[in-house]
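The structure appears below as structure tokens.
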Amino acid sequence: MNSESLARRGRRPGDLRVVVRRPAKMPRTLGPSALFAACYGNVGSSIYYALGVTAAFALGLTPLALILAGFIFVTTALNYAEGTAALPHAGGSSSFARRAFNAPIGFIVGWVQLLNYTATVSISSYFAISYLGFLGKYVPALAPLATDQSTHVGATVVLIAILVAVNVIGIQESSALNLVLAFTDLVTQLVLVILGIILLLDLQTVVHNIHWGLAPTWGNFLAGISIAMVTYTGIETISNLSEEAKDPGRNVPRATWWVIIAVLFVSAFLPTIGVSVFPVTYDQHLHAYTTQLATTYKADPVAGIVMGFKDDLLRFWAQVWVGILAFTILVIATNAGLLGISRLSYSMAGVDLLPHRLAKLHRRFKTPYVSIIVFGVAAALLVLPGIVVGGKEIDLMSAVYSLAATFAFCSAHLSVMRLRFIEPALHRPYRMPWNIKFGRDSIPVLSLVGALFIGTVFTQLLFENISNTTFIFLGWLALGVVAYVLYMRYRHEPIWEPLEVPPPRERAVEHVPLESLPRSARYRMGRRERVSGHVAAARHVHERHRPVWQLELELFFARHGAIRGVLIVLVFAAVSGLAIFVDLSRFDPFGPGLGWSPGLVLVAFLAAYVLNRSHSEQ
């Protein structure tokens, strides 16, 4: 055996060296400031186009719609903080659902999030170029961005390509860019809000804009809350970057609180200033109430707000300032969207929910370059419909955002609540406040309330079918299901994994009485004779196959008893029937027809399922 073989195998003949190759992992380099910058870039940017869309539905109640959506955002953000601190892996709500339920449910949630992130990248980059073109009146070189559609498309694709290259090169370069742009945006937003409060805000106009039940109607107001959810869709970014966070148990909750404070501050004051500058009026031609915030300045509402300054010099510099501000924050959103979608696809591919090629890391930069390039190209292709339909693209994609985000948020609430009980020993560096002791652990009140509210908003938006977005969402969902089934068939793996496996039956033991033998019979040739043990007779027991739902019902009544179980079912059925009756009747303030009640009933049923199981597992 030569020296090369000895060096490879060991020092002596016969020695073997076993090398375990582990998959490469992305380094943990992100602190709380980098996490905040990436998340705020995705969350805070939506106000620059979501404000106009929300105003189209909520009119004078736009500030209230954004505040109520902000309350849902707080419950969701704290829920994500607990789940991410306990499970610091890329994937966000998809990882939570996979851990709490099973892999197919985790895939569905992740697939919906891919739709959300891809649309975020395309729309954010498109409107970043739009706001840059807004500066064309002062910088002639930028004028073609606002006047020529082909130039606009080319600039948008170039912007996406640049950010794709930045993300492929490395997370440090990308995070540094996010941090600089986020700090610039925070300063400019603070200045804009202060100037707006001093020079533009008129509380009397804000109050006179409100026409309860008329402008807007209660149905449009609830739809406005649903659309306003697009303002807070980027909270998943922190979860997707947690795998690269330093000390995620401490830094993730800290960054989440920073995002909550910053976003709620802007979302509370900026819409109030907007409806003060553009009051709600009755349009004789449309025979309806409207506001210029939702019509003339729908595509660039923040630029419209600064047009209200009386001083010419201040208005000039404010327009330039807002153009730069909107461009920077929308670049942050595009960059954060690419970060989120690459990490989400990397996480899903790493657990065999997507092809492994998407999980491959770059040999030098250690980034998931395949997924970044693939979905970057997909986002660039999605820019084309926005150019064809113009301003209607905002309504279309905002509704798609809201549907995808509320679906993922609701699943995250239920997943974190279920994890409390199926894995009570899981280390949780952070727990959200307000918990009620129940069973093996405690009920997170914020998760329960947030899931109920988000489920209501989701189904209301689903039945509204704004710009046919319901068909788009359901089509994307169906495409994901078909792709998952085909991929599982290709891998020769089961399509569905049971949420629970019933315990095996106890082994039957045949009890045979001891036979007393005479003393002489237990000896032979001076040695004790071994007495063989009795073996239970083998019996074939024919077990009837029972479906999972039947097993669940049997377990439910076994836990609570027949009378109590029937009472629980009857009470739940009565309350659900009452909710659906009110939703369909003329007494519903949001208008007759199915809307909020299916979401409320479905989420309440799922929450009751989770809590009922936990009580028996203590």
Side-chain angles (χ1 to χ4, degrees), residues 23-30 34-35 37-39 41-42 45 89-95 107 110-126 128-129 155-179 181-182 233-234 236-245 330-384 404 480 483:
K25 293 184 178 180
M26 291 178 285
R28 293 189 178 272
T29 59
L30 302 181
L35 292 173
C39 185
N42 212 353
S45 66
H89 308 294
S93 57
S94 176
S95 296
F107 170 82
W111 182 256
V112 172
Q113 275 301 102
L114 287 175
L115 171 65
N116 189 19
Y117 276 120
T118 304
T120 299
V121 172
S122 59
I123 294 296
S124 298
S125 58
Y126 179 79
I129 300 300
T156 304
V157 174
V158 169
L159 176 60
I160 294 176
I162 292 174
L163 293 177
V164 165
V166 169
N167 281 271
V168 169
I169 289 174
I171 187 69
Q172 288 281 31
E173 291 79 357
S174 177
S175 298
L177 176 64
N178 273 349
L179 187 59
L181 295 180
T233 55
E236 284 248 355
T237 306
I238 290 183
S239 296
N240 285 330
L241 294 177
S242 61
E243 194 167 321
E244 300 152 80
L330 288 170
V331 168
I332 294 176
T334 308
N335 194 45
L338 284 171
L339 284 173
I341 201 171
S342 62
R343 271 57 184 179
L344 176 60
S345 59
Y346 171 82
S347 173
M348 295 176 66
V351 292
D352 300 329
L353 297 181
L354 287 177
H356 284 269
R357 188 70 179 175
L358 294 175
K360 185 178 180 180
L361 298 182
H362 195 278
R363 181 175 301 178
R364 176 182 176 186
F365 302 120
K366 303 300 181 184
T367 54
Y369 70 100
V370 176
S371 61
I372 292 175
I373 294 175
V374 168
F375 289 102
V377 172
L381 294 176
L382 283 178
V383 174
L384 298 178

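All figures in this text were calculated on a predicted structure; none of them were measured in a lab. Here, residue 1 is the first one in the sequence, and each next residue gets the next number.
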Nearest 0.5 angstrom please: Ile160 CD1 to Tyr126 OH, how far? 12.5 Å

Nearest 0.5 Å please: distance from the CD1 atom of Ile169 over to the CD1 atom of Ile372. 10.5 Å

Please test Gln113 against Ser94 for side-chain contact (heavy atoms from CB on, under 4.5 Å), starting from the C-alpha separation and ending with a verdict. CA-CA 8 Å; Gln113 275 301 102; Ser94 176; over 6 Å; no

To the nearest 0.5 Å, how far apart are OG in Ser345 and CG in Leu353? 12.0 Å

Interatomic spacing from CD1 in Ile162 to CG in Asn167 - rounded to 0.5 Å: 12.5 Å

List the atom of Gly480, the atom of Phe107, and the distance in Å for their closest heavy-atom pair. O-CE2, 3.1 Å

CG-CD1 distance between Leu338 and Ile373, expressed to the nearest 0.5 angstrom: 11.0 Å

Salt bridge (charged side-chain N to carboxylate O under 4.0 Å, His left out) contacts touching residues 345-356 (sequence neighbours left out): Asp352-Arg491

Does the Ser124 side chain pair with the main chain of Val121, one donor and one acceptor, at a distance under 3.5 Å? no

By the definition side-chain contact (heavy atoms from CB on, under 4.5 Å), identify the one residue from Val331, Leu159, Val158 that meets it with Ile129. Leu159

Is the backbone N or O of Thr334 less than 3.5 Å from a side-chain atom of Ser125, with the two atoms forming a donor-acceptor pair by type? no

Distance col, row Leu330:CG vs Thr120:OG1, nearest 0.5 angstrom, shows 11.0 Å

